[in-house]
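Step one of this worksheet: look at the structure below.
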Amino acid sequence: MFSRLAFFIYCFLFLFSTTSFAISDFTINENIEYLINNSGQATVTHLINITNNYSQIYPNEYQIQIQGLPLSDLSATDSEGNILSSFITQNETSVIKLKFNHPKVGKNQTTSIKLIYRISELAKHKGKTWEITLPQLTDKALNNTQITIKTPSDFGSLSFASIPAKFQDGLTQNITTFQNNSHAKILIILGDYQLFDFKLNYTLKNPSTNTIISEIALIPDTYSQSVFYQSISPPPVSISIDPDGNWLAKYQLSDKEQLNITAIGQVKTGLHIPIELTDKNQYLQSQTFWPVSDPQIQDISKSLSSTRSIYDYVVNTLNYNYERINSSGRLGAIAAIIDPNNSLCTEFTDLFVTLARAKGIPAREIEGYAYSNNPKIKPTNLQSDVLHAWPEYYNSATKTWKAIDPTWGKTTNGIDYFNDLDLNHITFVTHGLNSQNPLPPGSYKNDIGEKSIFIDFASEEIKRETSLPIISFKGNRLLIQNTSPNSQKNLKLSGSDPLFNKNIDTILPYSSIYVDIPQISFWQSLSSKHQKITYTLKNSDEQISTQTLNYTQHFVNLGISIVVGLVILATSGIIITSLTHEKNT
């Protein structure tokens with residue numbers, strides 16, 4: 001998903017004598033500032049303070065190795081001027097040797113170094129986000145590292161940080177700061193959301209001689225993403241939602257029919273919608289691949305106290321088998337424990353879900369797409385439809401599902417995917433109540449097994465205008481039909497009666513709902529003002545649709561009234577005629 005930026009700094013202290021000294025002889029602190037411009041180029045100011053812990057031990061020279069980065073405009077100074085002794089680049093490694101003009105002698109005396117250089121593409125533009133992979137400072141002599149990243153405000157706010165960070169936005173410049181005393185790898189992502197264009201191909205087959213109903217899973221709206229479909233061709237008979245929130249499009253296939261379906265649209269990630277989980281118990285049950293009650297699982301879970309400890313256990317225990325990346329076989333949690341070196345993302349996910357459920361923590365599997373431009377670090381197969389899987393657990397305190405990625409936590413060798421997940425993960429299907437179904441996009445292949453998932457960063461967000469639902473009468477109720485390929489959300493329905501107002505949360509694409517309306521008495525319905533009733537629909541985008549309907553019951557009741565009236569008149573005429581005849585006789 002990200003360009004790997006190898007940046008290793010090794011510091012060697014050379015003194016006047018040939019005596020070797022321990023790193024405890026000095027206290028070394030540093031401040032690094034990355035000033036990034038609109039094109040992603042960084043001007044790096046690297047301040048290093050070397051403090052003597054003893055009176056007779058002091059530094060004379062300093063050497064820094066920077067591997068894998070093209071540096072330019074390098075300068076190095078101390079308090080008395082230039083200290084750059086040599087600067088050599090070989091095999092993508094830059095070796096910088098510094099010789100101090102006048103090193104400070106004496107206990108608690110500090111020699112200060114300023115190193116300034118430029119990195120042409122430290123920040124990389126990925127769709128609607130900017131990704132910055134910072135150095136891993138491996139030198140054990142460093143006691144404290146303060147890092148500041150200054151970015152243009154147009155880059156957006158901090159959406160992902162692999163270590164705890166503070167973010168401050170400004171009018172023209174944003175500032176991200178953190179400490180890296182553990183020398184962990186650091187990945188920073190700036191941007192408020194991410195946009196992807198997608199095209200999904202499906203092939204459905206009916207091998208029987210009977211007409212059948214078959215279904216496919218579409219990319220759904222979730223708590224973390226919204227989807228906009230430009231087209232679903234051919235349109236389905238209907239779309240329903242299962243208990244896990246998956247969107248299932250139903251198609252009717254005649255005997256021996258093969259149907260090719262294409263869905264084109266755009267998905268936006270980065271939402272944070274709270275979800276109230278009313279029945280947590282259903283996400284604690286054993287399922288295929290999640291044997292919660294297995295003795296091995298129970299024994300392991302006893303030593304784990306939190307979701308963090310479960311994540312760390314999975315990352316530390318399992319190893320990714322790159323030779324299996326084209327394999328579709330899913331092994332499950334027990335197989336992962338038995339053979340930890342044979343794991344894919346499914347095993348990392350299944351083991352986390354199983355152990356979390358064993359500890360009474362609701363958990364589920366997400367199967368979908370995750371952007372990676374380096375499958376060796378963040379494994380996905382970009383040439384086929386091998387998807388990525390990651391787990392989610394429910395945080396009762398925040399009332400949110402929390403997505404994590406232990407697979408990439410392992411394969412990136414240090415980037416933490418527990419506290420945050422980047423914006424480049426797209427949910428295709430959720431497996432919670434059922435660990436296997438529905439099948440995600442990419443599983444509905446034609447006979448030659450062609451690639452069927454095409455996803456790339458979007459340059460512009462599609463203007464999300466769509467036709468509002470159609471309203472009609474069905475008996476004494478309203479039928480609200482969504483004939484568009486997109487869900488309709490947060491609809492407000494009002495009518496001629498000022499007391500009639502309804503809020504409609506969601507109507508799925510190509511789906512409909514019934515709405516009860518106030519009942520009008522028989523005699524009221526005969527009024528001419530009830531010949532037609534006007535209803536207004538408004539969505540969250542302030543689109544408004546006004547529809548005037550013939551009130552069927554008015555005409556039915558009016559017809560009944562006329563018929564009854566005629567019957568009464570006819571009966572009255574007969575009675576009057578009969579009485580007149582009797583009187584005359």
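With respect to the salt-bridge test (charged N to carboxylate O, under 4.0 angstrom), the residues E365 and R330 qualify. Taking a cutoff of 4.0 Å between a charged side-chain nitrogen and a carboxylate oxygen, R364 and D244 do not qualify as a salt bridge.
A distance of 11.0 Å separates CG of D405 from CD1 of I415, quoted to the nearest 0.5 Å. Here the CD-CD distance, from E460 to Q266, works out to 9.0 Å after rounding to the nearest 0.5 Å. Between S240 atom OG and D242 atom CG the span is 7.5 Å, to the nearest 0.5 Å. The OG atom of S484 lies 8.5 Å from the CG atom of L468; values are rounded to the nearest 0.5 Å. Once rounded to the nearest 0.5 Å, the distance linking CG of D197 with CD1 of I462 reads 6.0 Å. Here the CD1-CG distance, from I361 to L284, works out to 9.0 Å after rounding to the nearest 0.5 Å.
A cation-pi geometry, defined here as NZ or CZ lying under 6.0 Å from the six-membered ring centre and within 45° of its normal, does not hold between K128 and Y193.
Using a 4.5 Å heavy-atom threshold, the side chains of F428 and V267 count as separate. The side-chain heavy atoms of Y393 and V353, taken from C-beta on, include no pair separated by under 4.5 Å. By the 4.5 Å heavy-atom criterion applied to side chains, S309 and Y311 are not counted as neighbours. A heavy-atom distance below 4.5 Å is not found between the side chains of I310 and P406. No side-chain heavy atom of L478 sits under 4.5 Å from any side-chain heavy atom of S472. Side-chain contact between T400 and H272 is absent, with no heavy-atom pair separated by less than 4.5 Å. Taking the side chain as every heavy atom from C-beta outward, Y510 and I232 approach each other to under 4.5 Å. When side chains are defined from C-beta on, L248 does not count as touching I216, because their heavy atoms never get closer than 4.5 Å.
Judged purely by atom type and a 3.5 angstrom limit, S301 has no side-chain atom pairing as donor or acceptor with the backbone of A358. Distance alone, capped at 3.5 Å, is enough to place a donor-acceptor pair between the R357 side chain and the Y283 backbone. The main-chain N or O of L259 is never found under 3.5 Å from a side-chain atom of Y202 such that the two would form a donor-acceptor pair. Under a 3.5 Å cut-off, the side chain of N482 and the backbone N or O of I507 do form a donor-acceptor pair. In terms of modelled atom types and a separation under 3.5 Å, the side chain of K124 and the main chain of K126 share no donor-acceptor contact. With hydrogens and angles disregarded, no donor-acceptor distance shorter than 3.5 Å links the side chain of H388 to the backbone of W390. Remark: side-chain polar atoms of K250 are not paired, donor with acceptor, to backbone N or O of I213 under 3.5 angstrom. Under a 3.5 Å cut-off, the side chain of Y251 and the backbone N or O of L204 do not form any donor-acceptor pair. Side-chain atoms of T349 come within 3.5 Å of backbone atoms of A389 as a donor-acceptor pair (strictly under, hydrogens ignored). One N or O on the side chain of Q488 and one on the backbone of S467 form a donor-acceptor pair closer than 3.5 Å.
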Exercise. Where do W247 and L508 land on the side chain to side chain contact (heavy atoms under 4.5 Å, CB included) test, with the steps shown first?
Worked result: CA-CA 8 Å; W247 286 13; L508 292 175; 3.6 Å; yes
Problem set entry | Audit row: S396, K280, side-chain hydrogen bond (donor to acceptor under 3.5 Å, both in side chains) steps and yes/no | CA-CA 10 Å; S396 299; K280 297 179 182 179; 2.7 Å; yes
Problem set entry | Steps toward side chain to side chain contact (heavy atoms under 4.5 Å, CB included) verdict (E461, K268) | CA-CA 9 Å; E461 185 171 3; K268 182 178 185 177; 3.6 Å; yes
For this session: Take Y417 and F160, measure what ring-ring contact (aromatic ring centres under 6.0 Å, His included) needs, and give me the verdict at the end.
Result: CA-CA 9 Å; Y417 284 95; F160 175 89; 5.4 Å; yes
For this session: Decide yes or no on side chain to side chain contact (heavy atoms under 4.5 Å, CB included) for F418 and T307, but give the supporting numbers first.
Result: CA-CA 9 Å; F418 178 80; T307 50; 3.5 Å; yes
Exercise. Between Q194 and T269, does a side-chain hydrogen bond (donor to acceptor under 3.5 Å, both in side chains) hold up when you go through it step by step?
Worked result: CA-CA 5 Å; Q194 186 61 282; T269 64; over 6 Å; no
Exercise. Yes or no on side chain to side chain contact (heavy atoms under 4.5 Å, CB included) for N260 and Q258, after CA distance, side-chain angles and deciding distance?
Worked result: CA-CA 7 Å; N260 296 316; Q258 175 173 304; 3.8 Å; yes
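Heavy-atom minimum distance, Q543 versus N539: N-OD1, 2.8 Å. Across F289 and S435, no two heavy atoms sit closer than the pair CD1-OG, 4.1 Å. A pairwise comparison of heavy atoms in L433 and Q282 identifies CD2-OE1, 3.3 Å as the closest pair. Here the closest non-hydrogen pair linking L158 and A165 is CD2-CB, 4.1 Å. In terms of heavy-atom proximity, Y394 sits nearest to I275 at OH-O, 2.5 Å. Annotation for I132 and A123: closest pair CG1-CB, 3.8 Å, computed over non-hydrogen atoms.
Between the side chains of N206 and S208, at least one donor N or O sits under 3.5 Å from an acceptor N or O. T548 and T534 share a donor-acceptor pair across their side chains, judged by distance under 3.5 Å alone. Counting only N and O atoms by type, the side chains of Q547 and S545 include a donor and acceptor under 3.5 Å apart.
Sorted by first and then second residue, the side-chain hydrogen bond (donor to acceptor under 3.5 Å, both in side chains) pairs with a member in residues 153-176 read S157-D192; sequence neighbours excluded.
Counting non-hydrogen atoms of other residues, nucleotides and ligands closer than 6.0 Å to NZ of K199 gives a total of 12 or fewer. Counting non-hydrogen atoms of other residues, nucleotides and ligands closer than 6.0 Å to NZ of K538 gives a total of 12 or fewer.
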Let me have the donor-acceptor pairs involving side chains of residues 218-229, under 3.5 Å, with sequence neighbours excluded, atom names and distances please.
residue, atom, partner, partner atom, Å
D221, OD1, V227, N, 2.7
D221, OD2, S487, OG, 3.0
D221, OD2, K489, NZ, 2.8
T222, OG1, S224, N, 3.1
T222, OG1, S224, OG, 3.2
T222, OG1, Q225, N, 3.2
Y223, OH, E392, OE2, 2.6
Y223, OH, W401, O, 3.4
Q225, OE1, T427, N, 2.9
Q225, NE2, P220, O, 2.9
Q225, NE2, T427, O, 3.0
S226, OG, R464, NH1, 3.2
Y229, OH, I219, N, 2.9
Y229, OH, I219, O, 2.8

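Remark: aromatic rings of H425 and W408 are close, center separation under 6.0 Å. With ring centers used as reference points, F457 lies under 6.0 Å from F196.
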